[in-house]
Amino acid sequence: MVDPTANILTVIPKHIAVIMDGNGRWATSRGLVRSEGHAAGARSVRMLVEECRRRGVRYLTLFSFSTENWNRPALEVEFLMKLFEHHLKSELELMTRNEIRLRVIGDLSKLPKSTLKVVNEVTTATQHFTKMDLVLAVSYGGREEILNACRKFSCAVRDGATTPEKLDENLFRTFLYAPEVPDPDLLIRTSDEARISNFLLWQLAYSELVISKVLWPDFDRTEFDRCLAEFAGRERRFGLTDDQVDGVDSAAQTASQ
């Protein structure tokens, strides 16, 4: 059992990814329309961005809208796009003040023109910031990202830029949406769901998964602390044995002295 009083400030993940689940159920349980749940969830996004910036998290990736979400009722999709536009505009001041760079990954060709315009404006306005990267996965699917990378690699081979024999993990990574962003150390999923849901399939290979029972609009600083404490209590082996991990840790401590 993880000690909630653990000094989590010494084990802050470099990259946190979040599947924000439960907006609709939060609204339905209160007799509200689903759109009110999405609006409430946006407040949790702001809290998390501020907390990650304050604690020194370098990358925060949020699963904002999946490729499958396009199949939701048209009115809900339209509301989500307008909500996305509104919050990108309203949070530009927050990102500027905190020197946060916005990145948006996914099949952006499917976005409404007005949404794409706002995305381009905010990403351009923040592209020079280096304190933290906020990565929003919009119109995103993990399988589609991998297929898209395969297409790009095939084109590179066809054009003579590389050969099939040169393909390894490092080369393949260069064809992903944001190849310079490191893999997540921690994935948080809310609403007590235990699925990856086609999110960052390549990048989550060795991420620690923490499941939160709370619905996304109720995700607060206390619950974030609990997730960080659970992460701090994990031993990340990356396929090694306990003895090997202990050896790596000892070598790292010696090198730092």
Side-chain angles (χ1 to χ4, degrees), residues 13-26 34 37-38 41-42 44-45 48-49 52 57-72 76-77 80-81 83-84 87-88 101-111 115 119 123 132-152 169 172-217 219 223-224 227-228 230-231 234 236 238:
K14 182 177 183 179
H15 183 181
I16 298 175
V18 183
I19 299 177
M20 306 174 292
D21 200 4
N23 289 341
R25 275 169 285 173
W26 183 90
R34 289 176 59 86
H38 295 308
S44 294
V45 171
L48 184 61
V49 171
C52 284
V57 175
R58 183 61 182 81
Y59 300 91
L60 173 64
T61 299
L62 304 178
F63 201 3
S64 303
F65 191 88
S66 72
T67 52
E68 292 78 16
N69 288 155
W70 290 115
N71 297 319
R72 291 188 175 186
E76 182 174 350
V77 171
L80 287 171
M81 289 296 111
L83 183 67
F84 184 52
H87 282 284
L88 280 185
R101 177 182 180 179
L102 176 71
R103 297 172 182 259
V104 181
I105 61 173
D107 184 0
L108 305 188
S109 66
K110 294 181 179 179
L111 297 182
T115 306
V119 166
T123 53
M132 180 175 129
D133 281 24
L134 172 60
V135 185
L136 301 181
V138 181
S139 187
Y140 174 87
R143 289 180 175 178
E144 179 58 35
E145 179 178 21
I146 293 171
L147 288 173
N148 185 62
C150 291
R151 295 186 194 104
K152 289 180 178 179
E169 289 189 14
F172 186 78
R173 187 181 191 89
T174 66
F175 296 100
L176 298 175
Y177 288 137
E180 66 278 19
V181 175
D183 294 342
D185 302 292
L186 167 64
L187 170 68
I188 299 172
R189 178 160 189 162
T190 59
S191 78
D192 205 23
E193 299 288 351
R195 299 184 301 275
I196 296 178
S197 295
N198 199 22
F199 183 47
L200 300 179
L201 297 182
W202 178 273
Q203 298 88 340
L204 289 175
Y206 279 101
S207 303
E208 295 295 324
L209 276 59
V210 172
I211 306 301
S212 169
K213 292 185 177 181
V214 305
L215 302 177
W216 177 246
F219 191 86
E223 182 61 11
F224 186 41
C227 292
L228 290 178
E230 184 171 338
F231 172 81
R234 302 278 183 86
R236 305 187 72 196
F238 298 98

Enquirer: Could you pull out the closest heavy-atom pair between V181 and H15, with the gap in Å?
Expert: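 Heavy-atom minimum between the residues: CG1-CE1, 3.6 Å.
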
Enquirer: Among residues at least two apart in sequence or on other chains, which ones pass side-chain hydrogen bond (donor to acceptor under 3.5 Å, both in side chains) with N148?
Expert: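 Per chain and number, N148 pairs via side-chain hydrogen bond (donor to acceptor under 3.5 Å, both in side chains) with no residue.
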
Enquirer: Check whether any side-chain N or O of S139 sits under 3.5 Å from a backbone N or O of D107 as a donor-acceptor pair, and report yes or no.
Expert: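 Flag set: sc S139 to bb D107 pair under 3.5 Å.
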
Enquirer: Apply salt bridge (Lys or Arg N to Asp or Glu O under 4.0 Å) to R234 and list each qualifying residue two or more places apart in sequence or on a separate chain.
Expert: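 Expected list: E208, E230.
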
Enquirer: Looking at CG of L228 and CD1 of I188, how far apart are the two atoms once the value is rounded to the nearest 0.5 Å?
Expert: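 Going from CG on L228 over to CD1 on I188, the span is 6.0 Å.
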
Enquirer: Tell me, with the steps shown, if T174 and K152 meet side-chain contact (heavy atoms from CB on, under 4.5 Å).
Expert: CA-CA 10 Å; T174 66; K152 289 180 178 179; over 6 Å; no

Enquirer: Listed by chain and number, what are the side-chain contact (heavy atoms from CB on, under 4.5 Å) partners of N198, not counting sequence neighbours?
Expert: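 With neighbours one apart ignored, the set is T67, E68, R143, L201.
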
Enquirer: For H87, enumerate each residue passing the side-chain hydrogen bond (donor to acceptor under 3.5 Å, both in side chains) test, keeping only those at least two apart in sequence or located in another chain.
Expert: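 side-chain hydrogen bond (donor to acceptor under 3.5 Å, both in side chains) list for H87, sorted by chain: empty.
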
Enquirer: In Å and rounded to the nearest 0.5 Å, what is the OG1 to CD distance from T190 to E223?
Expert: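 Nearest 0.5 Å value for the OG1-CD distance: 9.0 Å.
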
Enquirer: Please report the interatomic distance SG(C227) to CG(L209), rounded to the nearest 0.5 Å.
Expert: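 If we round to the nearest 0.5 Å, C227:SG and L209:CG are 11.5 Å apart.
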
Enquirer: How about L204 and I196: do any of their side-chain heavy atoms sit closer than 4.5 Å?
Expert: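 They are in contact (side-chain heavy atoms under 4.5 Å apart), so the answer is yes.
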
Enquirer: Taking all atoms of both residues into account, what is the closest heavy-atom pair of W70 and K110, and its distance?
Expert: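 Smallest heavy-atom distance, with atoms named: CH2-O, 3.5 Å.
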
Enquirer: On the 0 to 90° scale, with breaks at 30° and 60°, tag the Y140-F199 ring pair as parallel, tilted or perpendicular.
Expert: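 Perpendicular, since the angle between the ring planes exceeds 60°.
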
Enquirer: Are the side chains of L102 and L88 in contact, using a 4.5 Å heavy-atom criterion?
Expert: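 Heavy-atom side-chain distance check passes, below 4.5 Å.
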
Enquirer: Quick one: salt bridge (Lys or Arg N to Asp or Glu O under 4.0 Å) partners of R101, sequence neighbours excluded?
Expert: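 So R101 forms no salt bridge (Lys or Arg N to Asp or Glu O under 4.0 Å) with any residue.
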
Enquirer: Which distance, rounded to the nearest 0.5 Å, do you find between the CH2 of W216 and the OG of S44?
Expert: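 That separation rounds to 5.5 Å.
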
Enquirer: Which residues pass the side-chain contact (heavy atoms from CB on, under 4.5 Å) test with K14, sequence neighbours left out?
Expert: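 Here the qualifying residues are R58, Y59, P182, D185.
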
Enquirer: Please determine whether side-chain contact (heavy atoms from CB on, under 4.5 Å) holds for the pair L176 and Q203, giving the CA-CA distance in whole Å, both sets of side-chain angles, and the decisive distance to 0.1 Å.
Expert: CA-CA 10 Å; L176 298 175; Q203 298 88 340; 4.0 Å; yes

Enquirer: Could you check whether any side-chain heavy atom of L48 comes within less than 4.5 Å of a side-chain heavy atom of L62, counting everything from C-beta outward?
Expert: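 SC-SC contact between L48 and L62 confirmed.
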
Enquirer: List the residues meeting salt bridge (Lys or Arg N to Asp or Glu O under 4.0 Å) with E180, not counting sequence neighbours, and say none if there are none.
Expert: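 With sequence neighbours excluded, E180 shows a salt bridge (Lys or Arg N to Asp or Glu O under 4.0 Å) to R103, given in chain and number order.
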
Enquirer: Can you tell me how far apart CD1 (I211) and CD1 (I19) are? Round to the nearest 0.5 Å.
Expert: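 The distance works out to 8.0 Å.
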
Enquirer: Within the structure provided, determine whether E144 and Y177 are in side-chain contact (heavy-atom separation under 4.5 Å).
Expert: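 Side chain of E144 against side chain of Y177, heavy atoms only: contact under 4.5 Å found.
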
Enquirer: Under the rule for side-chain contact (heavy atoms from CB on, under 4.5 Å), what residues qualify as partners of V57, not counting sequence neighbours?
Expert: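 Expected list: I12, I16, C52.
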
Enquirer: Listed by chain and number, what are the side-chain contact (heavy atoms from CB on, under 4.5 Å) partners of R25, not counting sequence neighbours?
Expert: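 Applying side-chain contact (heavy atoms from CB on, under 4.5 Å) to R25 gives D21, S191, E193, L215.
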
Enquirer: If I take atom CG from residue L83 and atom CD from residue E76, how far apart are they, to the nearest 0.5 angstrom?
Expert: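 Reported value, rounded in 0.5 Å steps: 11.0 Å.
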
Enquirer: Before you tell me yes or no, could you show the steps for V119 and F84 under side-chain contact (heavy atoms from CB on, under 4.5 Å), namely the whole-Å CA-CA distance, both residues' side-chain angles and the distance that decides it to 0.1 Å?
Expert: CA-CA 9 Å; V119 166; F84 184 52; 3.8 Å; yes

Enquirer: Provide the closest heavy-atom pair for S207 versus P184 in the form atom of the first, atom of the second, distance.
Expert: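 Shortest heavy-atom separation between S207 and P184 comes out as OG-O, 2.6 Å.
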
Enquirer: Who passes side-chain hydrogen bond (donor to acceptor under 3.5 Å, both in side chains) against W202, sequence neighbours left out?
Expert: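 side-chain hydrogen bond (donor to acceptor under 3.5 Å, both in side chains) check on W202 returns nothing, list empty.
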
Enquirer: Tell me every residue that passes salt bridge (Lys or Arg N to Asp or Glu O under 4.0 Å) with D183, counting only those two or more places apart in sequence or in another chain.
Expert: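 With sequence neighbours excluded, D183 shows a salt bridge (Lys or Arg N to Asp or Glu O under 4.0 Å) to R173, given in chain and number order.
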
Enquirer: Among residues at least two apart in sequence or on other chains, which ones pass side-chain hydrogen bond (donor to acceptor under 3.5 Å, both in side chains) with D192?
Expert: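 Result, side-chain hydrogen bond (donor to acceptor under 3.5 Å, both in side chains) vs D192: none returned.
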
Enquirer: Does a side-chain heavy-atom distance below 4.5 Å link V18 with F219?
Expert: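 The answer is no, as the side chains (C-beta and beyond) never meet within the 4.5 Å cut-off.
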
